[in-house]
2 protein chains.
Amino acid sequence: MQKLKHVEEQRGVGRAQILEAIRKAGNIARIDIAKETRVSPATVTAITSELMETGLIEEIVPDEPRQKAKRGRPRVALKIRGDAFPVAGVKVARETLSTMIVDFAGKELANHEYTLTNPSMTPEELAEEILRALLMTSQKAGMELSDISAIGVGLAGLIDAPRSFVHWSPSLDRRNVDIGETFEKVFHCPVLVENDANLVAKAEQLFGHGRNLSNFIVITIEHGVGMGIVIDDKIYRGTRGTGAEFGHAKVQFEGALCQCGQRGCLEAYVGDYALLREANAVIAGEPLTDLTTLWKMAQSGNPLANAVFERAGKMFAMGLANVVNIFDPELIILAGGRAAFDHLDLKEVKREMRAHMIAIDVEPTEVIAHQWGDEMWAKGAAAYALDGVAASKIRELAKNAS
Amino acid sequence: MQKLKHVEEQRGVGRAQILEAIRKAGNIARIDIAKETRVSPATVTAITSELMETGLIEEIVPDEPRQKAKRGRPRVALKIRGDAFPVAGVKVARETLSTMIVDFAGKELANHEYTLTNPSMTPEELAEEILRALLMTSQKAGMELSDISAIGVGLAGLIDAPRSFVHWSPSLDRRNVDIGETFEKVFHCPVLVENDANLVAKAEQLFGHGRNLSNFIVITIEHGVGMGIVIDDKIYRGTRGTGAEFGHAKVQFEGALCQCGQRGCLEAYVGDYALLREANAVIAGEPLTDLTTLWKMAQSGNPLANAVFERAGKMFAMGLANVVNIFDPELIILAGGRAAFDHLDLKEVKREMRAHMIAIDVEPTEVIAHQWGDEMWAKGAAAYALDGVAASKIRELAKNAS
């Protein structure tokens, strides 16, 4: 018994590793999986046949000419079974829900943009809105909502992802919400909730600039400032789900008032609302309500508008330098929809950042801007749901085996 | 051939894992190693006999009564072979070298405190000073210096540990020193160099408050401010060896001048020199040269002295809150020799820190102060050397096997 349990534990780890290796490679022969994962070839054979039975992976019949060129049995490759388990990703923003349905291989089947009437809702209202958006999306994809195996949801705020628990989110009208429970009543499949910046990091890791990196950081600027940290190929979450709160790291003692109620947060200097607040305090006329107008004023030479952006850029650069001083990552990706980084003048930000960085005679961490639409946040959410499906199928296998 | 290479790669990983499991357990039977490491029992048997031949581990004959109580063969346990490879640890401070020799099981054999005449030396001078200190220490331990298998050295500054390369250290009179090369000419064994705060983290992990934690942060205050980060049981180093530079994270835009030449670094508000600088600018009389005098003045009610410590405490609290906001660790350990944290009034610092932390309805990260002497830094350095010996012996085994 003891020994069997031990073998089963090893196998549980092996299943996840092997599925990951197949996903990463696209298609891969069993012997190469063994090399890649350091799992013994016999175990690889046993596990891959389990995964095939569950429908997670399938064999690819090798091309005829390649097969002839080799002696012995043809090397059959394995790949993720695309049409196995379609999943949905949802990014909740202030004014929209961006949704995407992908197949189990990550191929996009449909996406949709749904307009929200209210930026801050009850948990039940949010669930209803997501339901409506997903009904439209699944229709576009030519499937029933019940065909969806799992849903990934990205929310701004302080999310304890392993528990699908929201400490606080601007999208909800209350704190401490067991959002997983609410969603389970509405959707008849697992719903995985994660901080939205972590999902951008996930998307960068799977489809973007983080593909070949083990350690990188994604910073997002929208209404607020978010951060996703990848260390050793994994999203770093901290112990209570409140890690990576770059936007609320203090850059000034007793500084500007932040929407979180504290003072001196980076967000209180570089978030949309912070810039508008400063501008409206000094620029005469109708109060400005969007950054685009302020940006146009700066472009046409308004010194007050320029001064607002200038300070924001300097504060942001100092914040970035702190990230480099503390994490020393391989790459920092400034990711965002809209032209979020235009007004911060990336070249100037990088120059300023270097002035605040620990000086050594080695090239500093690279900083790149990656502009992409909200649908990519949704794709990150879908990728997170894929992980969830894989994990739950693997748990089922383990349960049946023990 | 391909298959053999694959088996050997697996085994390389297994050796380090198994040695680590034995070190962690104290003593442990082969079957429990297999369970712990998820390496197959057959491989555990093969690897442990290799490790025994190399002299890294040994068998413990089980007690007679326990043996009788069980049926079948007695369960022989394995342990680290203490007298296998003694190693030395060295902590380089401004005025002293603290050294320690431990056996391969981590048991202290001797320690020594050596006075430095010059805080900033050439690389060759530093090597000579370490040599003298270690000669005295090995004499105390009743052994020759040539009996030492490896030396771990902790330096303040920006150290690229995997390369034993010093970008900058206050103990050296120049930048960009390949200190590994210098040390190799003087010592006839591997010398591993690491940032001193990382070594305190190592010591906390092995012997202190980090023993049962996977994610914690150590902060040191001496002349400067250091940080060691443990994530998933490993010291986090960043990609260029300049990570965890908490002391030079900026807490004020264009703030106080730091010894690094930049402005607004935390160290420029809480380091020894920063407090003395502020005090001497406003307190009449002979310039103060040590914190103890200033601390006594504050204790006896001098309002200027009190104001200096008060701001330092507030700035330090804000810096700590940033660490929590970004890492959300299980525990923060404020570690230091001398009564480094007395003057920062830990209770007040914790209260202030909470005011700057992201507010959620979950208990905040625990912060504890752990006061220990310089010999514990040396013990961390020795622990680092132990890892080095283990790694090099395992590399030798891998080389002989392939």
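A, B, ... follow the sequence lines: proteins, then strands. Residue 1 opens every chain. The shown structure was predicted, so the numbers you read here are calculated from the model rather than taken from an experiment.
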Go through the atoms of A321(A) and report whether side chain, backbone, both or neither lie under 4.5 Å from a heavy atom of chain B.
neither

Heavy atoms only, distances under 4.5 angstrom: which of R240(B), E330(B), E245(B), Q252(B) has the most pairs with chain A? Name it, please.
R240(B)

Select one option (side chain, backbone, both, neither) describing which atoms of L158(A) are under 4.5 Å from chain B's heavy atoms.
side chain

Measuring centre to centre across the rings, with the benzene-like ring taken for any Trp, is F253(A) within less than 6.0 Å of F253(B)?
no

Can you see which heavy atom on P329(B) is nearest to which on T239(A), and at what distance?
O-OG1, 3.4 Å

F327(A) side chain near F327(B) side chain, heavy-atom distance below 4.5 Å:
yes

Per-residue contact mode, M357(A) against chain B (heavy atom under 4.5 angstrom)
both

Taking all non-hydrogen atoms of both residues into account, name the closest pair between N322(A) and K250(B) and its distance.
OD1-N, 2.6 Å

Please determine whether a side-chain nitrogen of the Lys or Arg among K234(A) and D232(B) lies less than 4.0 Å from a carboxylate oxygen of the Asp or Glu.
yes

Contacting moiety of D160(A), where chain B heavy atoms sit under 4.5 Å
neither

To check you understand the geometry: which heavy-atom pair defines the closest contact between N325(B) and H248(A), and what is its length?
ND2-O, 3.2 Å

So, for I326(A) and Y236(B), which heavy atoms are closest and what is the spacing to 0.1 Å?
O-CE2, 4.3 Å

Below 4.5 Å from any heavy atom of chain B, which atoms of T365(A) appear? Answer side chain, backbone, both or neither.
both

